[in-house]
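Just so it is clear: chains get the letters A, B, ... in the order the sequence lines come, proteins before strands, and each one is counted from 1.
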Amino acid sequence: KAGVTQTPRYLIKTRGQQVTLSCSPISGHRSVSWYQQTPGQGLQFLFEYFSETQRNKGNFPGRFSGRQFSNSRSEMNVSTLELGDSALYLCASSLGDPPYEQYFGPGTRLTVT
Amino acid sequence: AQSVTQLGSHVSVSEGALVLLRCNYSSSVPPYLFWYVQYPNQGLQLLLKYTTGATLVKGINGFEAEFKKSETSFHLTKPSAHMSDAAEYFCAHLSGGYNKLIFGAGTRLAVHP
């Protein structure tokens, strides 16, 4: 079974631009969560989608948004990029509610210049 | 607020020595607890999880962890370290239902010959 895939793997953007990251979950998984990883703040939860509905949201500004499609694929968008948005963005998928495990993708490395 | 504390941001052991990575959680309810490993330029891989039942949990690659409610701890151990164990390890627990993981700051494990 294919794992969680994220595209693109690397991205360089300029301050003020916007960016869209994509995540394809493991086949059959309906929950997709997004996390931001930075050296200073560590791993932080962004949001979770389940059956196209956002169920949970972390403490991030409104510039960070996401959505989930009917095939469970998910995208996250960051508008008006800031230097501090440079991070590894990780997507994780799960069959459903806990205690199902979350399986992580390789991440998208975003650099904002 | 619920949190996870990992004692020691860096741990160094000799090949063949015992690995002990410490994790304490703060929660008023029995948690779901996880250990993940991250190799350079990769996503997170689940090592093991505790949900309910047996407090000694065995995971992949010879790792195990013991849930101690009285100490609010979930330390990760491996009897004999291999060079391939060098990586960053994250302890996490679920917060507030659904799939929101709260991560510790991580412990970087170095294994030397």
Side-chain angles (χ1 to χ4, degrees), chain A residues 3-7 9-10 21 23-26 29-51 53-60 66 68 72 74 87-109, chain B residues 1-10 23 25 27 29-55 57-60 63 65 67 74 87-108:
Chain A
V4 178
T5 58
Q6 293 187 244
T7 56
R9 290 293 311 277
Y10 301 91
L21 311 181
C23 171
S24 292
I26 293 171
H29 286 196
R30 298 169 64 189
S31 166
V32 173
S33 300
W34 288 88
Y35 296 84
Q36 182 197 64
Q37 185 177 24
T38 60
Q41 300 298 317
L43 280 154
Q44 294 185 287
F45 173 82
L46 279 157
F47 29 65
E48 184 214 2
Y49 287 86
F50 184 87
S51 293
T53 300
Q54 187 182 90
R55 297 203 298 187
N56 220 336
K57 191 177 192 308
N59 189 26
F60 279 83
Q68 186 180 34
S72 294
S74 177
L88 181 67
Y89 290 89
L90 292 163
C91 163
S93 76
S94 175
L95 270 172
D97 289 339
Y100 286 117
E101 298 91 345
Q102 291 187 52
Y103 294 87
F104 283 79
T108 293
R109 172 76 62 186
Chain B
Q2 294 173 325
S3 66
V4 177
T5 302
Q6 291 184 239
L7 296 174
S9 58
H10 290 81
C23 173
Y25 66 92
S27 175
V29 298
Y32 292 147
L33 290 161
F34 306 83
W35 274 100
Y36 284 88
V37 62
Q38 186 176 36
Y39 298 99
N41 298 316
Q42 293 188 27
L44 302 176
Q45 181 182 14
L46 180 67
L47 282 175
L48 48 80
K49 68 175 183 180
Y50 169 79
T51 54
T52 58
T55 56
V57 181
K58 295 188 183 301
I60 62 172
F63 285 94
F67 171 67
F74 190 57
E88 189 152 23
Y89 292 80
F90 294 92
C91 180
H93 81 86
L94 284 169
S95 169
Y98 302 135
N99 286 307
K100 178 181 179 179
L101 283 169
I102 303 297
F103 285 92
T107 297
R108 187 169 298 277

Run the side chain to side chain contact (heavy atoms under 4.5 Å, CB included) check on Gln44(A) and Ile102(B) step by step: do they pass? CA-CA 7 Å; Gln44(A) 294 185 287; Ile102(B) 303 297; over 6 Å; no

Tell me every residue that passes side-chain contact (heavy atoms from CB on, under 4.5 Å) with Tyr100(A), counting only those two or more places apart in sequence or in another chain. Ser94(A), Leu95(A)

Rounded at 0.5 Å granularity, tell me how far CG in Leu44(B) sits from OH in Tyr103(A). 13.5 Å

Side chain, backbone, both or neither of Tyr35(A) within contact of chain B (heavy atoms, under 4.5 Å): side chain

Please state whether the side chain, the backbone, both or neither of Leu90(A) comes within less than 4.5 Å of a heavy atom of chain B. side chain

Gln42(B) side, atom CD; Leu88(A) side, atom CG - distance, nearest 0.5 Å: 11.0 Å

Heavy-atom contact with chain A under 4.5 Å, split by part of Gln38(B): side chain

In the structure I gave you, are the side-chain heavy atoms of Glu101(A) and Leu48(B) within less than 4.5 Å of one another anywhere? no

Nearest-0.5 Å distance that lies between atom CG in Leu101(B) and atom CZ in Phe45(A): 8.5 Å

Less than 3.5 Å apart, any donor N or O on the side chain of Asn99(B) or Ser33(A) sitting next to an acceptor on the other? no

Inter-residue atom distance Lys57(A).NZ - Lys100(B).NZ, 0.5 Å rounding: 10.5 Å

Give me the atom names and distance for the closest heavy-atom approach of Asn41(B) to Arg9(A). O-NH2, 3.5 Å

Please determine, among Arg109(A), Gln41(A), Gln37(A), the option with the most heavy-atom pairs under 4.5 Å with chain B. Gln37(A)

Once rounded to the nearest 0.5 Å, what's the spacing between atom CZ of Arg55(A) and atom OH of Tyr98(B)? 5.5 Å

